[in-house]
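If you're wondering where the values come from, they're calculated on a predicted model, not measured in any experiment. Atoms considered below: every heavy atom in the structure, side chains included; atoms not considered: hydrogens, waters and symmetry mates.
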Amino acid sequence: MFNVQYFLDALPNIGLGYGGIFVVTAIIVGVVYLLNNVPEKIAERRRKKEEDEDDE
């Protein structure tokens with residue numbers, strides 16, 4: 001049979017587990033975002049720098 005008190009006692013642990021999953025997922029999303037955008041911006045700055053040098 002289902003014991004409500006055991007369920008209520010387990011809720012803090014369940015919350016920690018779901019919170020940990022949320023944090024790890026947010027970190028992964030952030031790293032993927034950085035890996036997609038940072039190299040692109042670096043390449044764009046290099047292109048601008050090369051264009052400026054060519055214009056001189």
Side-chain angles (χ1 to χ4, degrees):
M1 187 138 195
F2 185 73
N3 189 334
V4 176
Q5 188 59 44
Y6 289 158
F7 176 72
L8 293 176
D9 290 342
L11 278 178
N13 292 333
I14 293 170
L16 285 174
Y18 279 116
I21 291 170
F22 176 78
V23 168
V24 170
T25 303
I27 290 170
I28 291 171
V29 168
V31 168
V32 169
Y33 175 80
L34 289 174
L35 288 174
N36 280 328
N37 290 320
V38 170
E40 182 179 313
K41 291 183 180 183
I42 291 172
E44 184 178 317
R45 287 181 185 166
R46 284 184 183 164
R47 273 184 259 134
K48 283 184 180 181
K49 185 177 179 181
E50 288 173 0
E51 287 175 2
D52 290 342
E53 288 175 357
D54 290 342
D55 290 342
E56 291 178 359

By salt bridge (Lys or Arg N to Asp or Glu O under 4.0 Å), Glu44 pairs with (sequence neighbours left out) Lys48

Which residues share a salt bridge (Lys or Arg N to Asp or Glu O under 4.0 Å) with Lys49, sequence neighbours left out: none

Could you measure the distance from the OH atom of Tyr18 to the CD1 atom of Ile21? Nearest 0.5 Å is fine. 6.5 Å

side-chain hydrogen bond (donor to acceptor under 3.5 Å, both in side chains) involving Gln5 - partner list, sequence neighbours excluded: Asp9

Only counting residues at least two apart or in another chain, list the ones meeting side-chain contact (heavy atoms from CB on, under 4.5 Å) with Leu11. Phe7, Leu8, Ile14

Would you list the atom pairs, donor with acceptor, under 3.5 Å between side chains in residues 30-37 and any protein atom, with sequence neighbours excluded?
residue, atom, partner, partner atom, Å
Asn36, ND2, Val32, O, 3.3
Asn37, ND2, Tyr33, O, 3.3

Do you know which two heavy atoms are closest between Arg47 and Glu40, and how far apart they sit? NH2-O, 4.4 Å

